[in-house]
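Numbered from 1 within each chain, the chains take letters A, B, ... in sequence-line order.
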Amino acid sequence: MTGSKDLKRGAGLGLAAGVAWGLLASLINALTGVFPFEQGVLHTMITFAAGGGVFGIVAGGFMALVHDRLPTRSPYAKAVLLTTCIWLILRAGAGALSWMNPLRYHAVPSETIQGFLLVVLMGLILGAVWSLGVRGVARAG
Amino acid sequence: MNYGKAAEKRVDGLLGGLVPALMVVGMAFALIVICYGMESVAPGVHDLFHDFRHVIGMPCH
């Protein structure tokens, strides 16, 4: 996958995976109780679906770009590697902001651990959606 | 001016590749704005995605 059509397709697959992940992440957090929600259920569902969708588009787009260059063969491992890298880059930037302004950006270890596990889950979902998408293309073509 | 079909095809191909690439770059920027709650870029984004940011492990107040 490297062309513009593939980029669109990757972003589309990422969007589907990201929306599903966002909704699942809100459900998992409700079960673990790591962060007590401050917003209503509808607001939470919409923002998590939107936030997950944005994350998914970025992950899917990058997956389409670097899919062939990643070291592993499994789409699951590739997607987990990619989503984890994106999250680590974001988290490193957030860490720098936290160091500069600890009151504004206050890090909570339990949320960080949950976030890391959730991003691994995002990779697994993207890998599953990617496999289904590739199989669909193979069947159609 | 008529540059011919080959040139038109090349421009279409370039734009066709540029638009999805810009979309992904734009989304990457949106992700940064959401994850860091950058109010100066998008007023209201901090409160809107406050819970999402906490749940995915990004530092917040």
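For B:Phe49 and B:Tyr36, the gap between ring centers reaches or exceeds 6.0 Å.
A donor and an acceptor atom, one from each side chain of A:Thr47 and A:Gln39, are nowhere located under 3.5 Å apart. Side-chain N/O atoms of A:Glu111 and B:His54 include a donor and acceptor closer than 3.5 Å.
A:Phe116 CZ: 12 or fewer foreign heavy atoms inside a 6.0 Å radius.
Your options are A:Leu117, A:Leu97, A:Leu90, and the one with the most heavy-atom pairs under 4.5 Å with chain B is A:Leu90. Among A:Gly93, A:Gly61, A:Ser26, the residue with the largest count of heavy-atom pairs under 4.5 Å with chain B is A:Gly93. Among B:Leu48, B:Ile34, B:Val24, the residue making the largest number of heavy-atom pairs under 4.5 Å with chain A is B:Leu48. Comparing A:Ala107, A:Gly53, A:Ser110 by heavy-atom pairs within less than 4.5 Å of chain B, the highest count is held by A:Ala107. The choice from B:Pro59, B:Gly57, B:Gly37 that makes the most heavy-atom pairs within less than 4.5 Å of chain A is B:Pro59.
Using a 4.5 Å cut-off between heavy atoms, A:Ile28 makes no contact with chain B at all.
Under the 4.5 Å side-chain heavy-atom criterion for Ile, Leu, Val, Met, Phe, Trp and Tyr, B:Met27 and A:Ile89 are members of distinct hydrophobic clusters.
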